[in-house]
Chemist: 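Handing you a structure now.
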Amino acid sequence: MILHDRIAEILPAWRDRVNHLVTEHRDFKVCDVTVSQIYQGIRGVQIQVTDISYVDPYEGLRLRGYTIPEVLEKLPRLPGCEFPMAGGLYYLLMTDSLPSYEEALEVEDEWKKYAVIPQYVIDMIHTMPRNTHPMTLFSQGIMALGVDSIFSRQYLNGLAKSDYWIPTLDDSIRLTAKLPALAAVIYNWKYRDGSVIAPNPDLDWSGNFAYMIENPNNHEYEELCRLFFLLHSDHEGANVSAHTAHLVNSALSDVYLASSAAMNGLAGPLHGLANQECLRWLLKVYNSFESLPSKEEMADFARAELKSGRVIPGYGHAVLRTTDPRFTAQYEFAKKYLPDDELYQLVCRIYEVLPGILKETGKVKNPYPNVDAINGTLQYHYGVREFDFYTVLFGVSRILGITAHAVWARALNKPIERPKSLTTAILEERVAGKPDTVEVEM
Ligand SMILES: CC(C)(COP(=O)(O)OP(=O)(O)OC[C@H]1O[C@@H](n2cnc3c(N)ncnc32)[C@H](O)[C@@H]1OP(=O)(O)O)[C@@H](O)C(=O)NCCC(=O)NCCS
């Protein structure tokens with residue numbers, strides 16, 4: 001398949017680069033770790049190398065070196081479509097180069113071969129209690145698909161280490177192929193009549209999700225899916241879900257196990273679940289006013305929220321120090337497709353006012369909106385109003401990046417992760433300048 005051929009072509013040069021770093025500069029110190037970093041979520045410790053994506057504090061996300069506007073401009077799109085095919089994005093993430101139209105289509109065609117969800121997975125979802133969170137169902141569905149892992153089967157048969165990446169890529173294509181259909185099975189069972197709608201072979205990967213949930217605004221919602229699934233596909237290698245997947249996969253657990261684990265991290269309220277909180281807050285603001293609040297009214301409202309010790313969802317970021325370009329891309333979408341939507345107008349009003357208010361606090365490092373400040377508004381507009389489902393949409397997209405990381409981790413022979421933990425006593429001795437009284441492996 002085209003992704004296999006392209007990766008095989010570029011892999012020797014990548015292996016040389018990594019081998020050179022590891023052999024010639026093995027003792028070069030990359031960064032120090034402080035006590036506060038150890039106790040505060042290993043924040044900022046540079047523990048991971050990935051070439052799939054990078055978040056620049058001032059430019060935002062780059063996917064394989066391309067900014068979001070560049071990716072949106074350069075990736076191929078189907079005739080009559082405004083936004084690119086996810087197949088082209090996957091080609092870029094996997095192979096480090098922009099695809100031609102034909103190459104993007106080839107990935108889309110490969111996905112079509114594996115897009116249908118096996119009946120046993122549907123049955124498993126349909127027998128779960130109705131109140132199961134959709135992220136639990138999504139994670140279970142991914143695990144269940146893993147019974148067919150090619151990597152796990154070949155590994156048992158003595159696969160050579162240098163070839164681990166090949167069945168990892170086979171698994172990745174088969175897993176990602178099914179994600180829109182898996183999400184649609186969950187959506188239709190949780191919130192609709194439980195119908196299982198087969199993917200439409202005439203549609204691309206992203207557009208198919210809109211089709212399978214029978215969204216009444218099909219064409220526009222298909223476009224939103226193309227944009228949304230592109231924007232959320234990756235965000236460096238050390239956030240909770242990416243790092244979880246990397247850690248689990250480093251034990252040679254296959255990509256189904258690793259992606260499912262990543263989704264369990266994404267399901268946390270401090271990570272992927274944050275987007276549902278943003279829409280909840282937006283609706284709270286909306287319901288607090290009879291009509292669109294003036295700038296002054298909005299400023300007073302925001303100050304009162306901050307005074308009562310609440311954070312404003314959708315604003316701030318651990319790494320970014322500017323407006324998230326993924327926010328901007330969806331803001332532009334809304335400006336074009338839903339300019340009269342009252343929630344979108346409220347998003348605009350908040351954007352006019354809030355950065356100034358957050359700056360007044362003197363402590364918020366990034367007073368600008370992140371991607372979650374608008375995500376839910378767009379879904380809500382197109383009738384996908386079940387907040388707890390939004391993280392599943394995020395997950396469908398994010399597994400594109402996660403599997404690309406996994407293929408490259410295996411291709412570059414990254415070993416099992418095993419950092420070291422200390423005891424409080426060891427740390428107390430060290431800060432007091434005493435030598436370690438127990439042996440600590442360096
Ligand atoms: C994203 C977030 C968790 C980043 O946290 P962080 O890296 O610690 O951010 P900062 O370093 O700027 O935080 C410094 C202070 O500003 C506060 N702050 C940051 N963003 C804030 C916001 N949106 N509203 C109110 N206060 C905020 C922090 O709570 C912290 O206060 P403290 O010193 O009293 O604890 C944080 O900005 C936040 O909670 N945002 C709202 C939730 C959200 O949008 N999450 C989705 C992220 S993609």
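Model, not experiment: these values are computed from the prediction. Counting starts at 1 for both ligands and their atoms, following the listed order.
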Chemist: Can you tell me if Thr168 uses its side chain to pair, donor with acceptor, with the backbone of Tyr164 under 3.5 Å?
Modeler: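 Indeed, once roles are kept as given, a pair shorter than 3.5 Å links the two residues.
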
Chemist: Per the side chain to side chain donor-acceptor pair (under 3.5 Å) rule, what does the pair list look like for residues 332-344, sequence neighbours excluded?
Modeler: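 Pairs touching residues 332-344 that pass the test: Glu82-Lys336, Glu82-Tyr337, Tyr286-Glu342, Asp341-His381.
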
Chemist: Could you verify whether a donor N or O on one side chain and an acceptor N or O on the other, from Asn239 and Ser241, lie under 3.5 Å apart?
Modeler: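 Note: Asn239 and Ser241 side chains meet the donor-acceptor criterion.
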
Chemist: With rounding to the nearest 0.5 Å, note down the distance linking CD1 in Ile402 to OG1 in Thr244.
Modeler: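 OG1 of Thr244 is found 8.0 Å from CD1 of Ile402.
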
Chemist: Is the centre of the Phe327 ring less than 6.0 Å from the centre of the Tyr351 ring?
Modeler: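 Ring centres of Tyr351 and Phe327 closer than 6.0 Å.
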
Chemist: As a test of reading the model: which residues have a non-hydrogen atom less than 4.0 Å away from ligand 1?
Modeler: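 Lining ligand 1: Arg43, Ala274, Leu306, Val311, Ile312, Pro313, Gly314, Tyr315, Gly316, His317, Ala318, Leu358, Lys363, Val364, Lys365, Asn370, Asp372.
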
Chemist: Are Tyr315 and Tyr368 an aromatic pair by the rule of ring centers under 6.0 Å?
Modeler: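 Centroid separation for Tyr315 and Tyr368: 6.0 Å or greater.
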
